[in-house]
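For the single chain, residues carry numbers from 1 onward in sequence order.
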Amino acid sequence: MDEQENTAFSVDDFLAKAGLGRRIVQVKPQHVFFSQGTPADSIFYLRKGRAKLTVISKKGKEATITLLGAGDFVGEESLAGHVGLRMATAISITACTALRIEREEMIQVMHQEHAFSDLFLKFLLARSMRTQADLVDQLFNSSEKRLARILLLMAEFGKPGEPETLIPAITQESLADMIGTTRSRVSFFMNRFRKLGFIEYNGRIRVHQSLLNVILHDQLPEHNAETPPLPDTLARPPRKIPRASRRSELNKSNISAQAVGHIQM
């Protein structure tokens with residue numbers, strides 16, 4: 001009985017240790033785990049650190065499509081049918097520790113160990129729900145709300161345990177790419193969040209729980225929602241025309257109408 005317990009499969013041990021078909025990799029910030037267009041022959045399990053997934057269009061424009069944290073898998077497209085090509089590029093944001101699992105080893109363990117298959121299935125469902133939420137956010141929310149949501153996700157609000165309010169270093173250009181707007185608008189919103197006390201921003205960004213109000217209750221100061229006043233030229237009342245001038249204008253209109261009628265005849 002003791003021997004069976006000692007040889008029992010442990011999901012935690014499998015994801016924490018190197019072994020057949022898997023090895024632990026230590027990467028520095030801005031290190032590329034894999035690149036878009038290269039063979040999808042392995043999957044990574046992120047144990048520590050933060051990373052991001054980016055895509056590059058045919059015209060060379062780069063966009064960040066999701067952020068990754070400890071406990072996330074990345075490169076799951078390698079498990080589809082046959083060995084294809086990577087659909088995106090995975091880049092570390094901070095120093096990371098990850099487990100690189102070969103495609104064949106991953107498939108074998110998923111077939112043999114139900115506990116591991118359950119864990120991976122839960123991750124895929126969570127990733128799918130996150131992707132849907134990102135799409136809804138992109139379609140229906142303002143760029144200001146999208147920025148607030150990205151900052152909260154990076155601070156890991158909503159996950160078990162205390163949130164990491166000091167988020168990894170990220171540029172305003174990257175934030176603009178993620179929410180689909182310009183860097184100048186991101187700068188404007190960040191300054192407003194700072195003035196309202198939602199964040200501290202001095203090189204590194206510290207996110208406060210009060211930023212949740214932007215997402216959950218749409219609570220911003222009332223003056224932010226007010227329509228700006230119209231210029232004086234538009235706000236002036238229409239000019240009154242003297243009665244004599246109006247008679248003159250009516251006579252001109254009648255003459256013009258009679259002239260048009262003659263031409264048509």
Side-chain angles (χ1 to χ4, degrees), residues 25 27-46 49-70 72-96 98 100 123-124 126-156 167-194 199 201 203-205 207 211 214-215:
V25 294
V27 299
K28 298 178 180 179
Q30 304 304 313
H31 174 86
V32 176
F33 287 94
F34 54 78
S35 299
Q36 182 177 337
T38 58
D41 56 1
S42 62
I43 186 170
F44 288 84
Y45 175 74
L46 197 59
R50 297 290 192 87
K52 62 181 180 178
L53 207 58
T54 66
V55 293
I56 301 177
S57 69
K58 292 182 179 180
K59 295 183 178 180
K61 184 176 181 181
E62 181 178 317
T64 302
I65 56 176
T66 191
L67 297 173
L68 305 165
D72 285 341
F73 290 91
V74 58
E76 61 271 19
E77 70 273 11
S78 63
L79 304 179
H82 60 280
V83 178
L85 299 178
R86 300 285 190 188
M87 301 176 62
T89 299
I91 306 172
S92 61
I93 297 176
T94 64
C96 294
R100 186 182 190 273
F123 163 77
L124 290 179
R127 170 69 61 82
S128 176
M129 293 171 63
R130 165 74 184 277
T131 301
Q132 292 182 40
D134 288 344
L135 179 59
V136 170
D137 187 49
Q138 193 73 21
L139 290 175
F140 297 112
N141 285 337
S142 66
S143 52
E144 187 169 22
K145 269 193 170 184
R146 296 200 299 273
L147 176 60
R149 180 172 177 268
I150 286 295
L151 294 176
L152 290 167
L153 287 172
M154 292 187 71
E156 297 188 345
I167 69 175
I170 188 169
T171 65
Q172 292 187 354
E173 287 85 357
S174 296
L175 290 171
D177 288 339
M178 294 173 68
I179 66 176
T181 189
T182 62
R183 181 192 174 283
S184 59
R185 286 185 65 80
V186 168
S187 177
F188 173 79
F189 294 142
M190 293 288 283
N191 287 330
R192 178 149 70 172
F193 288 165
R194 178 168 54 183
I199 65 172
Y201 185 32
R204 291 284 298 277
I205 304 170
V207 180
L211 186 61
V214 179
I215 303 298

State the CZ-CD distance between Phe188 and Glu144, to the nearest 0.5 angstrom. 7.5 Å
Scan side-chain atoms only and decide if Ser35 and Thr38 contain a donor-acceptor pair under the 3.5 Å cut-off. no
Out of the candidates Phe73, Phe123, Phe33, only one should pair with Tyr45 under the ring pair (Phe, Tyr, Trp, His ring centres under 6.0 Å) rule; please name it. Phe73
Would a distance-only check, ignoring hydrogens and angles, find a side-chain to backbone donor-acceptor pair under 3.5 Å from Thr64 to Met178? no
At their closest point, which heavy atom of Ile93 faces which heavy atom of Ala169, and how far apart are they? CG2-O, 3.6 Å
Student check: side-chain heavy atoms of Glu62 and Thr89 closer than 4.5 Å: no
Is the backbone N or O of Gln30 less than 3.5 Å from a side-chain atom of Ser92, with the two atoms forming a donor-acceptor pair by type? yes
Let me confirm one number: the CD1-OG1 distance from Ile91 to Thr54, rounded to the nearest 0.5 Å. 4.0 Å
Working to the nearest 0.5 angstrom, can you tell me the gap between Arg146 CZ and Thr181 OG1? 7.0 Å
Contact check, side chains of Ile179 and Arg185, non-hydrogen atoms, under 4.5 Å: no
Evaluate the side-chain proximity of Gln36 to Leu53: yes if any heavy-atom separation is below 4.5 Å, no if none is. no
Where do Ser42 and Ser78 come nearest, in terms of heavy atoms and distance? O-OG, 3.2 Å
Nearest heavy-atom neighbours spanning Ala88 and Ile65: CB-CD1, 4.4 Å
Quick one: closest heavy-atom pair of Gly69 and Arg50, and the distance? CA-CD, 3.9 Å
Centre of Phe34's six-membered ring, under 6.0 Å away, within 45 degrees of the axis: is that where NZ or CZ of Arg86 sits? yes
To the nearest 0.5 Å, what is the distance between OG on Ser174 and CG on Leu67? 9.5 Å
Not counting sequence neighbours, which residues clear side chain to side chain donor-acceptor pair (under 3.5 Å) with Glu173? List them please. Arg183
Run the salt-bridge test on Arg100 and Asp41 with the 4.0 Å N-O cut-off and return the result as yes or no. yes
Answer whether the closest heavy-atom distance between the side chains of Leu211 and Leu152 falls below 4.5 Å. yes
Would you indicate whether the side-chain heavy atoms of Met154 and Val207 approach each other to under 4.5 Å? no
Which atom pair, heavy atoms only, marks the closest approach of Val214 to Ala148? CG1-CB, 4.0 Å
Is Asp177 salt-bridged to Lys61, going by a charged N under 4.0 Å from an acidic O? no
Spacing of Arg149 atom CZ and Asn141 atom CG [to the nearest 0.5 Å]: 8.0 Å
Give a yes or no on whether the backbone of Ser187 and the side-chain of Asn191 come within a donor-acceptor separation of less than 3.5 Å. yes
Spatial distance of atom CG (Leu147) from atom CZ (Phe193) [nearest 0.5 Å]: 5.0 Å
I'd like to know if the side chain of Thr131 reaches the main chain of Arg127, judged simply by a donor and an acceptor atom lying under 3.5 Å from each other, with no hydrogens or angles considered. yes
If you define the side chain from C-beta out and look only at heavy atoms, does anything of Ile205 sit under 4.5 Å from Met190? yes
Min side-chain heavy-atom separation Gln172-Ser184 under 4.5 Å: no
Nearest heavy-atom approach of Ile199 to Leu151 is CG2-CD1, 4.4 Å
